[in-house]
Protein chains: 2
Amino acid sequence: MSNRVTIVDVAAKAGVAISSVSSALNNRPGVSEDTRRRIVEAARELGFVPSLRGRSLSAKRAFTVGLVVHRDPYVLESDPFFGSFIGGIETVLDPRGYALILQMGSEPVETLDRYRSLAANRRVDGVFISDLGVDDPRIALVQELGLPAVGVNADPGFPLAAVRQSHVEGIRELVEHLVGLGHTRFAHVTGPHEFIHAGQRQRAWSDALEAAGLPVGDIVEGDFTYEGGVAAADRLLAGRAPDERPTAVMCSNDLSAIGFLGRAGELGIRVPDDLSVAGFDGIELGSYVRPMLTTVATTPRLLGVEAARLLLETINGTAVVDIDIEPARLVVRSSTGPAPQPR
Amino acid sequence: MSNRVTIVDVAAKAGVAISSVSSALNNRPGVSEDTRRRIVEAARELGFVPSLRGRSLSAKRAFTVGLVVHRDPYVLESDPFFGSFIGGIETVLDPRGYALILQMGSEPVETLDRYRSLAANRRVDGVFISDLGVDDPRIALVQELGLPAVGVNADPGFPLAAVRQSHVEGIRELVEHLVGLGHTRFAHVTGPHEFIHAGQRQRAWSDALEAAGLPVGDIVEGDFTYEGGVAAADRLLAGRAPDERPTAVMCSNDLSAIGFLGRAGELGIRVPDDLSVAGFDGIELGSYVRPMLTTVATTPRLLGVEAARLLLETINGTAVVDIDIEPARLVVRSSTGPAPQPR
DNA sequence: TAATTTCACCGAAACGTTTCGGTAACAAAC
DNA sequence: GTTTGTTACCGAAACGTTTCGGTGAAATTA
């Protein structure tokens, strides 16, 4: 455990004051090109790495940002979002010397406490707020705490900086795709109504159908899980005559769509011959199940990249505007097809 | 942005020296019960929270530990392990004032760099090493860096502290279960050979079969993905006569077992009537697919709990021994059944 | 040559803790 | 009544940076 080399060592070796070392290494003016070179060389030879702790205390910064996910582990497990989202965040954070602290709160109350304690001891300089809920209490909390934050896929009118990926284009494309295939009886399986993105997707679906002059059809509440898709299939399909069933169903995420597909198969309903099913997300699994799942593909990694960029700017106090990334797009695979011919 | 209340404010308010405040608040001796109360009261009234940065600099600690995940995002997405593992880690870290920094490196080289930079600026006090590879370079690296570390599911002889969950009991149970059902032709779909746990599972499988006096059968290499399960099913089942096929297959994780199941169905092979399939992990999805997947269930959350406890002890220099948690156990569901009768 | 500006460089303070040696005050022992 | 011991408390240093005011010397101007 050889003792760490500090700025004092570098100063000694280069024969200058430590303030000069600091200036030189941070590219500040006031140090001649000649001594700057000498200092840089000394630092290199000694293998000097500025101590994060010293910088942190002096700069009143943690050089860390936080992400608190408030989902129960199972949903997290099977959700494509966070892996890629975090990966995207990393690519921005790392080059700028920032790191990500991840916390998990299964209970909403617990989540708030996590934010509170992150702020109390200034462990992070800012936080991401994902999985926004309706009237999400975290918004007021970060405002009260004066904690820089960016929201992910927030509704319009969100009072903090936000990064968004629009779902309306993709869902409209999906509806047009289905309408073009001759479907007229639709259904939608939502996510839990406490999440705003569940409502966002449902609204986009309904709007697109209305715009096409077609009836919106059944709306049943799901829960974003495989199991929820199975249950929704039971509600919408079991015990109904073929001409009373919807012929095209959108589930609000891929995992529940896959569950829906599975249950439909068990009920003897052929996809896509008797029924078209689509999801939302674009998880890899969807391209491996049979039939392959038609879906609206999002790009969580890109969302993470922009969210991180935005958060760092917010922390630096740079004037920032919300960021909209390219909309989610329809990906047609084999779980959707022509509407069955009535006979 | 009201200025933060520091230990100086507390000292002033209580009319004592700051060193006394520090002693009082950290329950060190040398301060009378009377003034201790006065100090605690003053701290409470002012809402004093000790600055992590100050403590960090003084104590030469980051109060943070690191986890570097070196998987590509997709595997991470669908892997049950990390969500629960991290959840377990959190429950130990949080009460002790520690936090978790999560980093992702898709390339192995990149991963090493992450560890290096975490250590260079002392961002963490210790790290987890999961997904151990054969001759994993991270072992030498943390030793060279003097970075406290604990390995997760390491092989015997691992030179650092380690926490392990044995898979041999569960896999032996699985083999006994299958043998009891009359199976005699087996096959195993491994994980990528560069991961030690792939080898561990395969060895447990082979050993149990040999112990039962039965032929080990085919071993094909998979990759822990759904897709890999599909491919393995093609290799093992497609174009083979029923009496040349294995009748019982273990895939080395659930996701690939589910892929295997799906492909078997497409090939017209009924599970469990014609073929028994089992997985390993115990992910929730396995209990939703039909047939429900028989598996050997691990407890990643518990593994996270113990790994975190062990890491903190290692950091504190407390004498530590490796921890073995309860073995993974067989969970029989409906994807395994009696061996088909030859006729 | 004297006054002024510019510039490289330095020393010290500040960030907020913990720790350690020291010092009064007072009690117990000889 | 001096010694010894104990206790409560204090001041200052240390952790490793950045920043800011200051100083001397060289360069510019008058």
Side-chain angles (χ1 to χ4, degrees), chain A residues 1-40 42-43 46-64 97-98 119-123 125 316, chain B residues 1-40 42-43 46-64 97-98 119-123 125 316:
Chain A
M1 187 100 78
S2 62
N3 243 341
R4 196 180 172 64
V5 25
T6 83
I7 198 174
V8 208
D9 304 323
V10 180
K13 173 140 192 168
V16 295
I18 59 173
S19 48
S20 301
V21 177
S22 180
S23 297
L25 262 29
N26 293 310
N27 290 317
R28 298 206 197 302
V31 39
S32 73
E33 200 45 50
D34 201 43
T35 56
R36 181 184 306 265
R37 253 196 301 275
R38 215 167 64 245
I39 289 170
V40 170
L46 295 174
F48 169 68
V49 181
S51 150
L52 192 73
R53 304 195 188 121
R55 289 207 305 142
S56 206
L57 186 59
S58 178
K60 298 178 173 233
R61 288 228 189 163
F63 300 104
T64 305
Y98 265 74
N121 45 36
R122 295 279 200 275
R123 214 181 235 296
D125 299 329
N316 288 329
Chain B
M1 185 100 80
S2 62
N3 242 339
R4 199 184 169 61
V5 25
T6 82
I7 198 174
V8 203
D9 304 323
V10 179
K13 171 141 194 168
V16 295
I18 59 173
S19 50
S20 301
V21 177
S22 180
S23 298
L25 262 29
N26 292 311
N27 289 317
R28 300 210 193 303
V31 41
S32 74
E33 200 45 50
D34 201 43
T35 55
R36 182 185 303 265
R37 255 196 301 273
R38 215 168 64 247
I39 289 170
V40 169
L46 294 176
F48 170 67
V49 180
S51 148
L52 192 72
R53 304 192 191 127
R55 291 206 304 141
S56 204
L57 185 60
S58 177
K60 298 177 172 234
R61 287 226 188 164
F63 300 105
T64 306
Y98 264 75
N121 45 37
R122 294 281 199 272
R123 214 183 237 291
D125 299 328
N316 289 329

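To find a chain, count down the sequence lines: A is the first, B the second, and so on, and within it residues start at 1. Just so we're clear, the structure is a prediction, and the values are computed from it rather than from any experiment.
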Please report the distance, rounded to the nearest Å, between CG in B:N27 and C1' in C:dT18. 15 Å

Heavy atoms from C-beta onward define the side chain here; which of C:dT17, D:dG16, D:dT19 lies closest to that of A:R28? D:dT19

side-chain N/O A:S20 vs C:dC9 OP1/OP2, d < 4.0 Å: no

Taking the side chain of B:S22 as heavy atoms from C-beta outward, which of D:dC10, D:dG16, C:dT19 is closest to it? C:dT19

Can you check whether B:T35 has a side-chain N or O nearer than 4.0 Å to OP1 or OP2 of D:dA8? no

Given C:dG16, D:dC10, D:dG16, the nucleotide with the shortest approach to the side chain of B:A17: D:dC10

Starting from the 5' end of DNA chain D, give me the residue, A:L57 or B:R38, whose nearest nucleotide shows up first. B:R38

To the nearest 0.5 Å, tell me how far B:R123 CZ sits from A:S56 OG. 8.5 Å

I want to check one thing: is the phosphate of D:dA12, taken as OP1 and OP2, less than 4.0 Å away from some side-chain N or O of B:S19? no

Closest-nucleotide 5' rank along DNA chain D - winner of B:E33 and B:S58: B:E33

Considering non-hydrogen atoms only, spot the tightest contact between A:I39 and A:S20 and give its length. CD1-O, 3.8 Å

Using a cut-off of strictly less than 4.0 Å, decide whether A:S32 has a side-chain nitrogen or oxygen near OP1 or OP2 of C:dC9. yes

For C:dG16, take OP1 and OP2 only and decide whether either is under 4.0 Å from a side-chain N or O of B:R4. no

Whole angstrom is fine here: how far is it from CG in B:D125 over to P in D:dC15? 18 Å

Nucleotide nearest B:V16 (side chain, heavy atoms from C-beta), chosen from D:dT17, C:dG16, D:dC10: D:dC10

Rounded to the Å, how far apart are A:I7 CD1 and C:dG11 C1'? 14 Å

Which pairs pass salt bridge (charged side-chain N to carboxylate O under 4.0 Å, His left out) with one or both residues in residues 9-27 of chain B, sequence neighbours excluded? B:K13-B:E45

Separation of C:dC9 P from A:I18 CD1 (nearest whole Å): 16 Å

To check you understand the geometry: which heavy-atom pair defines the closest contact between B:I7 and B:F48, and what is its length? N-CE1, 3.4 Å

Could you state the CZ-P distance from A:R55 to C:dG16, rounded to the nearest angstrom? 17 Å

Write down the atom of A:P50, the atom of B:N121, and the distance for their closest heavy-atom approach. O-CB, 4.1 Å

Rounded to the nearest 0.5 Å, what separates atom OG in A:S19 from atom CZ in A:R28? 12.5 Å

Is a donor on one side and an acceptor on the other found under 3.5 Å between the side chain of A:R4 and the backbone of B:A120? yes

Report the distance from atom CZ of A:R61 to atom P of C:dG16, rounded to the nearest whole Å. 16 Å

I want to verify a distance call: between C:dT17, D:dT17, D:dC10, whose nearest atom is closest to the A:F48 side chain? D:dT17

Using whole Å, what does the distance between atom P of nucleotide D:dT7 and atom CG of B:D34 come to? 17 Å

Nearest-angstrom distance from the residue atom CD1 of A:I39 to P of C:dA8: 12 Å

With distance as the sole test, does B:R53 use its side chain to make a donor-acceptor pair with the main-chain N or O of A:R122 at under 3.5 Å? yes

Using five base pairs at each end, measure the axis-to-axis angle across the helix from C:dT4-D:dA27 to C:dC30-D:dG1 and round it to 10 degrees. 60°

